[in-house]
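Convention: sequence-line order gives letters A, B, ...; per-chain numbering from 1.
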Protein chains: 2
Amino acid sequence: MTMSTTPPIDEVARDAAARLRAAGLRPTRQRVALVRALFGQGDRHVTAEQLYAETQALDVGVSLATVYNTLHQFTRAGLLRELAIGSGRSYFDTNTGHHHHFFYEGTGQLVDVPGELVQVASVPLPPKGTEVSGVDVIIRIKDGGC
Amino acid sequence: MTMSTTPPIDEVARDAAARLRAAGLRPTRQRVALVRALFGQGDRHVTAEQLYAETQALDVGVSLATVYNTLHQFTRAGLLRELAIGSGRSYFDTNTGHHHHFFYEGTGQLVDVPGELVQVASVPLPPKGTEVSGVDVIIRIKDGGC
DNA sequence: TTCTTCTTTAGAATCATTCTAATCTATTGA
DNA sequence: TCAATAGATTAGAATGATTCTAAAGAAGAA
């Protein structure tokens with residue numbers, strides 16, 4: 001029996017539509033398929049192309065344009081967090097809680113680091129009239145060596 | 001009299017060629033022009049397009065391809081640090097010392113934060129066989145409000 | 001149903017960046 | 001000083017990620 005903070009897969013699949021409605025989005029076939037792909041297997045970091053490839057393999061086809069649209073809608077709705085780390089592509093993180101990342105420079109892979117494990121002390125105040133919307137810590141990993 | 005860690009502009013301009021030679025790069029007209037544009041006015045965060053636009057305004061024309069080539073050579077030589085922060089374009093930072101960044105979400109502007117002002121405690125150890133090559137802290141600024 | 005509004009989509013367009021192959025130019029050695 | 005050569009520059013094509021466009025398709029309300 002898997003005991004984790006992530007809800008069981010079945011449940012996620014069952015209320016994909018409810019989740020979408022709660023976010024103010026119509027539960028279309030495409031969006032339901034994307035919710036299942038994204039949230040059906042624990043925390044993930046996916047690119048648009050990866051997700052597109054996954055949905056192509058399913059019965060429900062989703063166009064690349066829709067993958068992009070949906071990822072942005074989900075991000076706006078707070079279901080995803082967008083990570084623009086290595087240059088080029090964007091990653092979308094299904095973990096929207098407080099955490100940071102290991103970034104493997106060689107492969108571009110991202111791995112979560114629980115927020116509590118990184119203590120950022122004394123962040124300077126931003127110029128007045130502005131507000132800190134978040135602090136991202138990226139631990140770059142040089143995966144060479146051996 | 002300006003007292004800073006950055007060398008005076010004149011000096012930078014004068015020994016642009018020497019600086020290039022020290023990095024193992026031939027001091028061509030184009031590279032000298034780029035060294036002056038980059039290091040002649042204190043710490044900067046430039047994109048390739050910005051630098052290209054600047055050099056177009058000078059007497060020494062530099063092609064966009066050369067701007068890209070040179071930025072990467074300089075980065076490899078340790079003269080610049082590449083920042084892939086907001087998605088899309090890369091920024092090149094003339095400050096290669098220990099520091100972090102404010103990132104203005106609205107404009108994409110970057111501002112240095114001295115390394116000492118951010119205390120990152122207890123970074124978790126990376127998987128064995130790998131090594132931490134750096135820790136980047138990005139303080140995202142939501143410049144809305146007023 | 002039927003209408004209206006929101007969605008999806010293929011393909012074109014865009015933006016940043018890299019590649020290619022031809023043309024130059026620093027440097028070296030005669 | 002001059003030619004040879006290794007390295008540098010360049011225009012333009014190619015690539016990769018993403019966004020746009022305009023037309024056709026589905027959801028929700030009446």
Contact under 4.0 Å: [X] side-chain N or O vs [N] OP1/OP2:
{"X": "B:Gln73", "N": "D:dA8", "value": "no"}
{"X": "B:Arg89", "N": "C:dC15", "value": "no"}
{"X": "B:Arg29", "N": "C:dT25", "value": "yes"}
{"X": "A:Gln30", "N": "D:dG25", "value": "no"}
{"X": "A:Tyr68", "N": "D:dT18", "value": "yes"}
{"X": "B:Arg21", "N": "C:dT27", "value": "yes"}
{"X": "B:His72", "N": "C:dT17", "value": "no"}
{"X": "B:Arg26", "N": "C:dT27", "value": "no"}

Take the protein atom [atom1] of [X] and the nucleotide atom [atom2] of [N], then report the distance between them rounded to whole Å.
{"X": "A:Gln56", "N": "C:dT9", "atom1": "CD", "atom2": "C1'", "result": "12 Å"}
{"X": "A:Leu64", "N": "D:dT19", "atom1": "CG", "atom2": "P", "result": "10 Å"}
{"X": "B:Asn69", "N": "D:dT10", "atom1": "CG", "atom2": "C1'", "result": "10 Å"}
{"X": "B:Leu25", "N": "C:dT27", "atom1": "CG", "atom2": "P", "result": "12 Å"}
{"X": "B:Leu71", "N": "D:dT9", "atom1": "CG", "atom2": "P", "result": "12 Å"}
{"X": "B:Leu51", "N": "D:dT9", "atom1": "CG", "atom2": "C1'", "result": "15 Å"}
{"X": "B:Tyr52", "N": "C:dT18", "atom1": "OH", "atom2": "P", "result": "16 Å"}
{"X": "A:Glu82", "N": "D:dA17", "atom1": "CD", "atom2": "P", "result": "15 Å"}

**Prompt:** In terms of side-chain heavy atoms of B:Thr66, which of C:dT17, C:dT9, D:dT9 is nearest?
**Reply:**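 Looking only at side-chain atoms, B:Thr66 lies closest to D:dT9.
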Side chain of B:Ala65 - closest among C:dT9, C:dT17, C:dC19: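 Given the options C:dT9, C:dT17, C:dC19, the side chain of B:Ala65 is closest to C:dC19.
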Please name the residue in the list B:Val111, B:Asp112, B:Val137 that meets the side chain to side chain contact (heavy atoms under 4.5 Å, CB included) test with B:His100.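 Going through the options one by one, the only one that passes is B:Val137.
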request  = Check the angle between the aromatic planes of B:His99 and B:His45 and answer parallel, tilted or perpendicular using the 30° and 60° thresholds.
outcome  =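 Ring orientation, 0 to 90° scale: tilted.
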> Should A:Gln30 and A:Thr70 be marked as a side chain to side chain donor-acceptor pair (under 3.5 Å) after you check the CA-CA gap, both sets of side-chain angles, and the distance that decides it?
Replying inline: CA-CA 9 Å; A:Gln30 291 85 338; A:Thr70 307; over 6 Å; no
Within the 4.0 Å heavy-atom criterion, would you say [X] contacts the bases, only the backbone, or no part of the nucleic acid?
{"X": "B:Gly61", "answer": "sugar-phosphate"}
{"X": "B:Ser90", "answer": "sugar-phosphate"}
{"X": "A:Thr28", "answer": "sugar-phosphate"}

Problem set entry | Whether B:Arg31 side chain and B:Arg26 backbone form a donor-acceptor pair below 3.5 Å |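 Looks like yes, one N/O pair under 3.5 Å.
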Practice task
Mark yes or no for whether A:Thr96, through its side chain, and A:Arg81, through its backbone, hold a donor-acceptor pair below 3.5 Å.
Solution key: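 No, A:Thr96 side chain to A:Arg81 backbone: no donor-acceptor pair under 3.5 Å.
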Take B:Leu80 and B:Phe39, measure what side-chain contact (heavy atoms from CB on, under 4.5 Å) needs, and give me the verdict at the end. CA-CA 10 Å; B:Leu80 293 175; B:Phe39 303 104; 3.8 Å; yes
